Amino acid sequence: ERKMMEDAILESEERYRTILDEMDEGYFENDLNGTVRFLNETQARNLGYARDELIGMNYRQYTEEKDRKKLTDMYRHLFETGEPVSCLDLEATCKDGRKLIYETSVSLIRDGQGRPVGFRGIARDVTERKQMEEALRQSEARYRNIVENMEDGYFETDLRGHFTFVNDAECRNLGYRREEMIGMTRHR
């Protein structure tokens with residue numbers, strides 16, 4: 001009976017270890033001081049370290065300086081309130097020096113008596129998405145700058161012919177203020 005229980009425990013541990021290691025998201029557990037106590041393979045790979053290199057490291061060692069206070073404040077708030085924190089964007093420096101932007105959600109780990117003993121969290125690499133968002137923002141800013149500063153009139157309408165955007169040149173051409181033109185039809 002004891003052997004069956006031991007086998008069941010080993011099987012359960014293996015199942016959860018496999019789930020953690022096959023996740024696309026990084027999983028980590030830190031003690032109350034922020035020292036890494038456990039992490040899955042994805043978290044190690046995302047940061048460019050071997051798993052055993054990260055065990056014993058403090059999150060401050062790979063978190064960008066500008067985000068350390070934000071992360072420390074998050075841990076403090078989590079410790080004081082017990083309320084999980086979701087979707088905090090942070091930047092880390094990987095072992096090879098590249099920057100990683102990750103979105104993290106963290107909750108409190110409690111011992112058998114309910115006392116806080118650490119933090120566990122999920123970290124999702126959002127570097128590519130953030131880079132694409134920034135490229136899109138820059139492209140939109142360039143487009144807006146060109147359209148706003150060109151001497152030719154420019155406008156956009158919806159399918160019913162109502163102005164949804166006009167530049168200053170078009171306002172001058174038609175003799176209206178921008179606020180007056182938005183919503184007006186081209187045929188007015």
Side-chain angles (χ1 to χ4, degrees), residues 9 12-149 165:
I9 289 171
S12 176
E13 286 177 356
E14 180 61 29
R15 179 176 350 164
Y16 289 112
R17 187 177 9 264
T18 301
I19 290 169
L20 284 174
D21 282 339
E22 291 179 359
M23 290 175 24
D24 288 335
E25 289 83 17
Y27 175 85
F28 61 91
E29 293 179 2
N30 296 345
D31 66 16
L32 292 176
N33 293 319
T35 302
V36 178
R37 295 295 176 212
F38 178 82
L39 68 155
N40 69 355
E41 196 58 44
T42 303
Q43 181 73 352
R45 187 175 49 252
N46 285 346
L47 291 168
Y49 289 88
R51 195 186 234 169
D52 62 337
E53 289 179 290
L54 283 165
I55 300 291
M57 277 180 91
N58 192 283
Y59 71 86
R60 291 175 193 88
Q61 292 175 260
Y62 54 80
T63 302
E64 280 294 293
E65 187 174 341
K66 67 181 181 61
D67 286 338
R68 287 181 196 145
K69 181 174 179 357
K70 183 168 45 170
L71 194 50
T72 300
D73 290 346
M74 182 225 25
Y75 281 131
R76 183 176 294 114
H77 174 78
L78 179 56
F79 179 81
E80 291 170 357
T81 67
E83 298 171 4
V85 177
S86 297
C87 298
L88 182 66
D89 286 349
L90 300 163
E91 193 171 321
T93 302
C94 300
K95 184 177 181 179
D96 63 7
R98 70 185 161 80
K99 302 297 182 202
L100 169 77
I101 303 169
Y102 64 98
E103 179 181 271
T104 190
S105 298
V106 183
S107 60
L108 202 55
I109 300 173
R110 297 181 184 275
D111 67 12
Q113 287 75 45
R115 293 180 301 238
V117 294
F119 307 98
R120 72 169 49 98
I122 299 290
R124 177 176 293 114
D125 181 355
V126 295
T127 307
E128 187 176 326
R129 185 186 85 205
K130 291 293 185 176
Q131 289 170 339
M132 289 186 329
E133 288 171 357
E134 178 59 20
L136 179 60
R137 188 195 64 71
Q138 288 178 4
S139 176
E140 287 174 348
R142 276 192 306 274
Y143 158 76
R144 185 157 308 280
N145 187 39
I146 290 167
V147 170
E148 287 292 342
N149 292 305
F165 176 83

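The structure displayed is predicted, hence computed values, not measured ones.
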Engineer: Going by heavy atoms in the side chains, are Gln138 and Arg142 under 4.5 Å from each other?
Structural biologist: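 Heavy-atom side-chain distance check passes, below 4.5 Å.
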
Engineer: I'd like to know if the side chain of Lys95 and the backbone of Tyr62 have a donor-acceptor N/O pair within less than 3.5 Å.
Structural biologist: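 Side chain of Lys95 to backbone of Tyr62: no pair is present.
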
Engineer: For the atom pair CD (Glu133) and CD (Glu128), what is the distance rounded to the nearest 0.5 Å?
Structural biologist: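 Taking CD in Glu133 and CD in Glu128, the distance rounds to 11.5 Å.
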
Engineer: Answer yes or no: are there more than 12 heavy-atom neighbours, outside Lys69 itself, under 6.0 Å from its atom NZ?
Structural biologist: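 No, NZ of Lys69 has 12 or fewer neighbouring heavy atoms, counting only those of other groups under 6.0 Å.
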
Engineer: Taking Thr72 for its side chain and Arg68 for its backbone only, find out whether a donor-acceptor pair lies under 3.5 Å.
Structural biologist: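 Here the side-chain-to-backbone pair exists.
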
Engineer: Take a 6.0 Å sphere around CG of Asp24 and say whether it holds more than 12 heavy atoms from other residues, nucleotides or ligands.
Structural biologist: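 Count not over threshold, so no.
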
Engineer: Let me confirm one number: the CD-CD1 distance from Glu64 to Ile101, rounded to the nearest 0.5 Å.
Structural biologist: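 CD1 of Ile101 is found 10.0 Å from CD of Glu64.
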
Engineer: Spell out, as yes or no, whether a donor-acceptor pair under 3.5 Å connects the side chain of Asp67 to the backbone of Leu90.
Structural biologist: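 Not a single qualifying donor-acceptor pair exists.
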
Engineer: Looking at Arg144 and Glu140, does any basic side-chain N land under 4.0 Å from a carboxylate oxygen?
Structural biologist: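 Glu140 and Arg144: not salt-bridged.
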
Engineer: Taking ring pair (Phe, Tyr, Trp, His ring centres under 6.0 Å) as the criterion, tell me which of Tyr59, Tyr75, Phe38, Phe28 meets it with Phe119.
Structural biologist: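 Per the ring pair (Phe, Tyr, Trp, His ring centres under 6.0 Å) rule, the option paired with Phe119 is Tyr75, out of Tyr59, Tyr75, Phe38, Phe28.
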
Engineer: Any chance you could measure Arg129, atom CZ, to Gln131, atom CD, to the nearest 0.5 Å?
Structural biologist: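 Separation between the atoms: 12.0 Å.
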
Engineer: Just verifying a value: how many Å separate Asp89 CG and Arg124 CZ, rounded to the nearest 0.5 Å?
Structural biologist: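 It is 10.5 Å, given to the nearest 0.5 Å.
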
Engineer: When rounded to the nearest 0.5 angstrom, what distance separates CD in Glu53 from CG in Leu39?
Structural biologist: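 Separation between the atoms: 11.0 Å.
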
Engineer: What closest approach, in Å, do Pro84 and Ser107 show between heavy atoms, and which atom pair accounts for it?
Structural biologist: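 Result for this residue pair: CB-CB, 4.2 Å.
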
Engineer: Got a second to check how far Thr63's OG1 is from Asn58's CG, nearest 0.5 Å?
Structural biologist: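 Going from the OG1 atom of Thr63 to the CG atom of Asn58 covers 8.0 Å.
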
Engineer: Any side-chain donor-acceptor pair under 3.5 Å between Thr42 and Arg45?
Structural biologist: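 Looking only at side-chain atoms, Arg45 and Thr42 do form a donor-acceptor pair, the distance falling under 3.5 Å.
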
Engineer: Testing the basics here: between Leu100 and Cys94, what is the closest heavy-atom pair and its distance to 0.1 Å?
Structural biologist: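 Closest heavy-atom pair between Leu100 and Cys94: CB-SG, 3.7 Å.
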
Engineer: Specify the closest pair of heavy atoms between Ala92 and Leu47, including all atoms of both residues, with the distance to one decimal.
Structural biologist: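 Looking at all heavy atoms of both residues, the closest pair is CB-CD2, 3.8 Å.
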
Engineer: Indicate the atoms forming the closest heavy-atom contact of Ser105 with Ser86, along with that distance.
Structural biologist: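 For Ser105 and Ser86, the tightest heavy-atom pair comes out as OG-CA, 3.4 Å.
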
Engineer: Determine, for Arg37 against Glu29, whether the closest basic-nitrogen to carboxylate-oxygen distance falls under 4.0 angstrom.
Structural biologist: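 No.
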
Engineer: I need the minimum non-hydrogen distance between Tyr27 and Gln43, along with the two atoms involved.
Structural biologist: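 Of all heavy-atom pairs spanning Tyr27 and Gln43, the closest is O-CB, 3.7 Å.
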
Engineer: Determine whether the side chains of Asp125 and Thr127 contain a donor N or O and an acceptor N or O closer than 3.5 Å.
Structural biologist: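 There is such a pair between these side chains.
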
Engineer: Carefully, step by step, assess Glu13 and Ile9 under the rule side chain to side chain contact (heavy atoms under 4.5 Å, CB included).
Structural biologist: CA-CA 6 Å; Glu13 286 177 356; Ile9 289 171; 3.7 Å; yes

Engineer: Less than 4.0 angstrom from a charged side-chain N to a carboxylate O is my criterion; do Arg76 and Asp73 meet it?
Structural biologist: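 Between Asp73 and Arg76 there is a salt bridge, with a charged N closer than 4.0 Å to a carboxylate O.
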
Engineer: Under the criterion salt bridge (Lys or Arg N to Asp or Glu O under 4.0 Å), I'd like the reasoning laid out for Lys130 against Glu134: C-alpha separation, chi angles, the key distance, then a yes or no.
Structural biologist: CA-CA 6 Å; Lys130 291 293 185 176; Glu134 178 59 20; over 6 Å; no

Engineer: So, does Asn33 use its side chain to make a donor-acceptor pair with the main chain of Thr35 at under 3.5 Å?
Structural biologist: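 Answer holds: no.
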
Engineer: Given 3.5 Å as the limit, does a donor-acceptor pair link the side chain of Asn40 with the main chain of Glu25, or not?
Structural biologist: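 Side chain of Asn40 to backbone of Glu25: a pair is present.
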
Engineer: Taking all atoms of both residues into account, what is the closest heavy-atom pair of Arg110 and Gly82, and its distance?
Structural biologist: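 Nearest pair, atom of Arg110 first, then Gly82: NH2-CA, 3.9 Å.
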
Engineer: Should Lys99 and Thr93 count as side-chain neighbours, where that means a heavy-atom distance under 4.5 Å?
Structural biologist: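 The answer is yes; the side chains approach within 4.5 Å.
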
